[in-house]
Trainee: 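Sending over a structure as structure tokens; questions will come in a sec.
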Protein chains: 2
Amino acid sequence: MSQTAPRPDGPHGGPGAVGRGSARPTLEEVAALAGVGRGTVSRVINGSPRVSDKARQAVQSAIAELGYVPNRAARTLVTSRTDSIALVVPEAETRLFSEPYFSDIISGVSAELAETDMQLLLILVRNQRERERLSAYLTAQRVDGVLLVSVHQDDPLPSLLESLEIPSVLAGRRSDLEPLSYVHADNAGGARMAVRHLLRRGCTRVATLTGPLDMEVAQARLGGYRRALEEAGRPYDEGLVGLADFTEDGGRLAMRELLERRPDLDGVFCASDVMAAGAMQVLRAAGRRVPDDVAVIGFDDSIVARHTDPPMTSVRQPIEEMGRTMARLLLDEITERGRARRQVVLATELVVRESA
Amino acid sequence: MSQTAPRPDGPHGGPGAVGRGSARPTLEEVAALAGVGRGTVSRVINGSPRVSDKARQAVQSAIAELGYVPNRAARTLVTSRTDSIALVVPEAETRLFSEPYFSDIISGVSAELAETDMQLLLILVRNQRERERLSAYLTAQRVDGVLLVSVHQDDPLPSLLESLEIPSVLAGRRSDLEPLSYVHADNAGGARMAVRHLLRRGCTRVATLTGPLDMEVAQARLGGYRRALEEAGRPYDEGLVGLADFTEDGGRLAMRELLERRPDLDGVFCASDVMAAGAMQVLRAAGRRVPDDVAVIGFDDSIVARHTDPPMTSVRQPIEEMGRTMARLLLDEITERGRARRQVVLATELVVRESA
DNA sequence: GGCCACTGTGGGAGCGCTCCCACAGCGGCC
DNA sequence: GGCCGCTGTGGGAGCGCTCCCACAGTGGCC
């Protein structure tokens, strides 16, 4: 590692001789070239206002000339800021997500981070062992903040984050008492909108397929269903509620039971698109036409919704916007530590197609 | 250059302010507790064999007692290894992918990395500016290796990686002369299988919808189509080739044209599921029954394939396995630098449903 | 005996940065 | 004149680690 030799070849190095091993310039070299001290260069880089214009100029052109990029490790070592945040995804969830969910969240987060020089670390947790490793990891303060995509009420991760006092933002919430910052869609509102649409369409016996009720999302959607009925003066009938789990198979199963219990139902609000897709298959197999005999609405407006037959009416949530917002909240929380937690609810919207 | 937000260099909290779970123990403290020198502790941590069992034992129990976790930044500073790899995804691709593609790749990569202490950095590149930033980023040697999900022949990123001599692995390849390491599915074989299936089924005029031909994937699938025809002694008829772009709209458009040109076609091999879904809609609108009048096969076996009406026969590629393999190759390339590049082709498989 | 090689060990040096203290220079005020 | 404060600056110290050199101890060989 003899980097003693002054490197005569700046960024202008031969066109062929690409910058292979060429040592990266250090802050010290920038200082020397600019004719100032290390401190001043550091101040310029970190945007301190206490620098004369002249010095700033000199430093900036030295930086440009050398192609200087600060060494992250060195900075982290002294500041113990890592300038990186982790997106933590329990892998079990991955399977559940309406398909573009995951990439849309990432896309939003990444878009928001693009202007920053924060790095995005992706951590999938697939089992207990990895969960423990993650705890150790987080405890070792290796990230400045955490985005957690998780919604189960008994998930231990949020509490861990809470107790470690690491800035964090959840996608979704555990309950309406959630103490951590979170961003979520207006699930209740979306469900309510969907059910009102069914009622307005003339449905009189509207059923619902729910997600697993240990998730707040599922509860909220069920709540919206109930609310819409009540607002319309209809009774809430438990016989019309099919407990399922967001999956296609679960949807099929629950739909079959529902159909047996209430053969006269004429509308179904499903808490996920894939459940709705499963339900539509079951309905067709039972000889019901969609939407003529039974109208169906899904939730997520995922790619599946556009491809069922008939195309599915569904509640859209602004997933990418959720990602963006999560990132923004997290950055805020990191810079102004100790500030109150923030919670954001984003509007949902009903995308009407042919199934209802 | 200094695109960092101004960070007032005043209040930094100082030691103790942030020190949550009390300061992390350092290697020095471990050494003291174990009654050995720093060097020995370092050797134990890094698995050097030149340590006596006695010392090793002492160090290990000291580590356990203190809950010591090495400081990554300090290590990186001196070794200039970052112990992290980047997964680079041009965001435009994101939209193209058969839906679970992205998360499956990630899932595979992450699974392979779980046993390592490599970190996974996710970098989406959405425009020219970000592309340039990425170049700067990579040039600054901030990752040990790069996984690149990109397949366009004119993508400048692979060449950049090549010239920077950063270990890298591509998902897919630019051409069959690809010099970088890559992992891809047997696209030609899958296409061939699909077309043979159509022929065996009795189709006599088999058309195809292609992807954009500046991608090797698209070419390979077209090649497989052609090969299957030739093997069966059928002529390759350009009139039966619909140039499209992997998207649903593109599929619809190309299918319509194809139908006009060759109203007698009785089978279509589509180079992506969503194109196949679009094609099926067009066929139905034109009064053709699937599969009775026209048999249809897609590619990807994505979630869409399971939800079309009728459910779609499709070629499955082992995406998660691709992710795993990519990660494995990259780790190899990082540890044994300078080794020959490796290229892996994974088998595809035909998932037969009702559309063919 | 002397010499060698080889193992295991301690600890100095130094990676590239930020933090902070000291201090020069320059007014403005008493 | 002396004193203040305020701005801009240089550079020492030190973050926690790895690398490497020096060296003690142990045996084997001539």
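Proteins get letters first, then strands, A, B, ... in listed order; numbering begins at 1 in each. These numbers come from the heavy atoms of this one structure, side chains and all, not from hydrogens, waters or symmetry mates.
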Trainee: Using a cut-off of less than 4.0 Å, is there contact between a side-chain N or O of B/Arg50 and OP1 or OP2 of C/dT7?
Mentor: yes
Trainee: What nucleotide, of D/dT18, D/dG11, C/dT9, holds the atom closest to the side chain of A/Arg43?
Mentor: D/dG11
Trainee: Looking only at the side chains, is there a donor atom on one of A/Thr82 and B/Arg72 sitting less than 3.5 Å from an acceptor on the other?
Mentor: no
Trainee: How close or far is atom P of D/dT7 from atom CG of A/Asp53, stated in whole angstroms?
Mentor: 15 Å
Trainee: What N/O pairs connect the protein and nucleotides 14-16 of chain D at under 3.5 Å? Give each pair on its own line.
Mentor:
none

Trainee: With a 4.0 Å cutoff (strictly under), does any side-chain N or O of B/Thr79 reach OP1 or OP2 of D/dT18?
Mentor: no
Trainee: May I have the distance from A/Arg56 (atom CZ) to D/dT7 (atom P), rounded to whole angstrom?
Mentor: 14 Å
Trainee: Go through C/dC20, D/dT7, C/dT9 for me and flag the one nearest to the B/Val51 side chain.
Mentor: C/dT9
Trainee: Under 4.0 Å between a Lys/Arg side-chain N and an Asp/Glu carboxylate O for A/Asp117 and B/Arg133?
Mentor: no
Trainee: Looking at every strand, decide which applies to B/Ala55 at a 4.0 Å heavy-atom threshold: base, sugar-phosphate, or nothing.
Mentor: sugar-phosphate
Trainee: Are the charged groups of B/Arg174 and B/Glu162 less than 4.0 angstrom apart, N to O?
Mentor: yes
Trainee: So, B/Ser181 versus B/Glu333: side-chain donor-acceptor pair below 3.5 Å or not?
Mentor: yes
Trainee: So, does A/Ser42 get its side chain near the phosphate of C/dC17, meaning an N or O under 4.0 Å from OP1 or OP2?
Mentor: no
Trainee: With sequence neighbours excluded, tell me which residues meet salt bridge (charged side-chain N to carboxylate O under 4.0 Å, His left out) with A/Arg129.
Mentor: B/Glu115
Trainee: Phosphate oxygens OP1/OP2 of C/dG8: is one of them under 4.0 Å from a side-chain N or O of B/Ser52?
Mentor: no
Trainee: Return yes if a side-chain donor-acceptor contact under 3.5 Å exists between A/Arg56 and A/Thr40, otherwise no.
Mentor: no
